[in-house]
Amino acid sequence: MHKLLKYDFKSSYREFLIISLIVIVLATIVGFTSLLNIDNFVVTIIFSVFITLYTLMLAAIFVLWIIFTISSINKKLFTKEGYLTFSTPISLDKLIISKVIVNFVWFIEVLATIVLSFLIIMGIGTIKYSNNLFTYILPEIFSFLAKIPLITFTSVLKVILWALAILMTFIFTLAVLSSLHVRKARVVITIFVYSTIFSIGSLLISAISIYSFGIGFDMVNGGDVFTAQLGFLYPVIGILLPFKETTILQYFSFNYLIGMIGYIVGLYFIIRFLLKKKLELD
Amino acid sequence: MDEIITIENLTKKFGKNAAIDNLSVHIPRGKIIGLLGPNGSGKTTLLKILANLLMQYDGEVLINGLKPGIETKKIVAYLPDCNFLADDLTVMDAINYFNDFFEDFEKDKACDLLARLGINLKSRIGTLSKGTKEKVHLVLILSRNAQLYIFDEPIAGVDPAARDLIFRLILENYNKNGTIILATHLILEAQNILDYAMFINGGRLAIFDTVENIKNNTGKTLDELFREMYRYGDVSVCTNY
């Protein structure tokens with residue numbers, strides 16, 4: 001498995017490192033320009049240009065992750081490169097899991113880049129104040145998170161499950177298109193189709209969450225509480241909507257956890273079936 | 001007879017069309033077998049099944065006594081009729097990949113062969129000419145001490161001089177205890193190196209015998225027989241089989 005991961009990382013690291021470097025450089029520039037005299041017209045223009053570029057790159061970095069991920073999985077598994085991939089003595093499970101692990105790591109790298117870029121901007125922008133990033137903001141954030149350990153943990157878990165579900169949806173969509181002999185514009189079609197499949201999956205997961213048990217945030221007293229909620233839930237990262245009229249905001253539903261795991265495992269076995277029984281290399 | 005491949009009643013359908021239709025054959029070990037047939041006769045489908053790229057079929061296929069799978073991939077060296085190396089890989093990356101994943105791969109042999117062919121190990125695959133890419137692919141496959149080599153149209157699309165070179169490379173470098181299955185429709189160039197010929201037509205086995213027996217029984221060379229069978233559709237020429 002580690003050899004497979006090595007080659008998968010090797011074939012994709014350039015794009016992600018370049019994008020991350022650009023975001024970090026832009027964040028640094030934005031941080032330093034924010035220290036300059038904002039009343040100066042030229043400084044304002046420069047600051048506006050870099051903050052716009054930075055914002056665009058933040059928006060682009062996830063889109064690029066989606067495109068690169070779909071493109072690399074397609075190339076390795078479903079194009080001519082698949083002849084080498086599938087004639088190499090590796091099990092189907094290792095092939096699928098290695099693709100998920102590699103692209104999950106890049107997802108984490110993208111997230112880390114975004115967080116780091118925020119910290120750079122805030123760190124540089126607040127450096128002249130006594131209550132700066134390191135003396136006030138970060139300690140406050142960590143102190144708050146320490147008060148809600150369950151919600152912190154389940155939020156991280158939810159992001160992980162979301163990323164894994166998205167990756168499985170990519171591979172599933174590509175495998176279906178391949179088995180249907182769709183050879184042209186497979187990557188583009190996947191980019192447009194995967195969100196529909198994922199939305200249907202999310203809807204099904206929500207359907208089992210009509211009456212859900214989970215972990216909530218007590219908005220009056222602060223801190224974690226176990227909670228039960230009746231009502232249709234639409235899962236988004238970190239939070240489950242809608243807000244209740246009570247003082248408890250449901251953060252994480254166990255039904256949702258089971259649903260997400262079911263979705264991921266279900267797709268995994270369907271992908272495995274498609275690769276074993278319906279593989280159609282270009 | 002010691003067999004490397006046993007195929008019994010193999011049928012592979014795509015939709016309602018049978019690419020392989022109830023094919024049975026026993027392929028002996030240590031021989032060079034020509035898999036002969038026109039385009040669309042089922043050659044590539046059969047080879048993909050042997051290489052375990054197609055796993056859904058009816059009938060039985062055994063390679064060295066095993067069903068196609070991870071264990072057979074360790075002893076089968078498969079060269080498809082397309083470039084399977086990523087353009088952004090260097091030749092050395094490709095060698096390292098084979099060295100990492102195939103226990104029977106001889107890295108020194110690959111480097112030596114590529115050096116003899118004047119191919120720079122640092123070149124990216126995408127920058128190589130079509131002929132050079134084919135040579136790199138061939139060297140990678142031949143640098144394995146495989147028990148079964150599968151070549152799908154290795155000489156299609158290359159000039160006559162390169163064809164000679166490819167045949168020479170194959171004959172000089174394959175594991176002599178191994179078996180070669182060579183799919184081609186360029187019989188004239190291939191017929192001199194073959195021990196056995198396997199003619200397939202419409203997914204069915206038409207002839208499987210030694211080249212010598214085929215010549216004796218039909219009074220024709222493989223090339224002549226191929227042209228009669230496939231150009232004129234005269235399958236009666238194989239009545240002796």
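Please read these numbers as outputs of a predicted model, since none were measured by experiment. Protein chains get the first letters and strands the later ones, always in sequence-line order, with residue 1 at the start of each.
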Practice problem: Please name the pair of heavy atoms, one in L85(B) and one in E81(A), separated by the smallest distance, quoted to 0.1 Å. | Solution: C-CG, 4.4 Å
Practice problem: Name the region of F14(B), side chain, backbone, both or neither, that has any atom closer than 4.5 Å to a heavy atom of chain A. | Solution: side chain
Self-check item: Crowding at NZ, K67(B) (>12 non-hydrogen neighbours, <6.0 Å)
Solution: no
Quiz item: Going by heavy atoms in the side chains, are L84(A) and F98(B) under 4.5 Å from each other?
Solution: yes
Exercise. Show your reasoning for whether side chain to side chain contact (heavy atoms under 4.5 Å, CB included) applies to I70(B) and S91(A).
Key: CA-CA 7 Å; I70(B) 294 176; S91(A) 70; 3.5 Å; yes
Self-check item: Closest non-hydrogen atom pair between I90(A) and K73(B), with its separation
Solution: O-NZ, 4.4 Å
Quiz item: Rounded to the nearest 0.5 Å, how far does NZ of K276(A) lie from CG of N52(B)?
Solution: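 So the gap between those two atoms works out to 8.5 Å.
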Practice problem: To the nearest 0.5 Å, tell me how far H2(A) NE2 sits from D100(B) CG. | Solution: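 Nearest 0.5 Å value for the NE2-CG distance: 7.5 Å.
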Practice problem: Quick one: closest heavy-atom pair of T88(A) and Y97(B), and the distance? | Solution: OG1-OH, 2.9 Å
Quiz item: Quick one: what part of L4(A) sits under 4.5 Å from any heavy atom of chain B, side chain, backbone, both or neither?
Solution: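 For L4(A), backbone and side chain are both near chain B.
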Quiz prompt | Over 12 foreign heavy atoms within 6.0 Å of NZ, K13(B) | solution =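 Count not over threshold, so no.
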Exercise. State, yes or no, whether a side-chain contact exists between Y7(A) and N96(B) at a heavy-atom distance under 4.5 Å.
Key: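 The answer is yes, as the side chains (C-beta and beyond) meet within the 4.5 Å cut-off.
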Quiz item: Hey, is CZ on F32(A) packed in by over 12 heavy atoms from elsewhere, all under 6.0 Å?
Solution: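 No.
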Quiz item: Is there a donor-acceptor contact under 3.5 Å linking the side chains of Y83(A) and N83(B)?
Solution: no
Quiz item: Checking heavy atoms, do the side chain of L89(B), its backbone, both or neither come under 4.5 Å from chain A?
Solution: neither
Self-check item: Residue part contacting chain B, namely of K10(A), when any heavy atom lies under 4.5 Å
Solution: side chain
Quiz item: Counting heavy atoms not belonging to K133(B), are there more than 12 under 6.0 Å from its NZ?
Solution: yes
Quiz prompt | Within 6.0 Å of CZ in F153(A), more than 12 heavy atoms from elsewhere | solution = no
Exercise. Please check if atom CZ in R124(B) has more than 12 non-hydrogen atoms from other residues, nucleotides or ligands closer than 6.0 Å.
Key: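 More than 12 within 6.0 Å, yes.
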Quiz item: Where do S87(A) and Y78(B) come nearest, in terms of heavy atoms and distance?
Solution: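 The answer is CB-CD2, 4.4 Å.
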Exercise. Look at E71(B), M55(B), E103(B) and state which one has the largest set of heavy-atom pairs under 4.5 Å with chain A.
Key: M55(B)
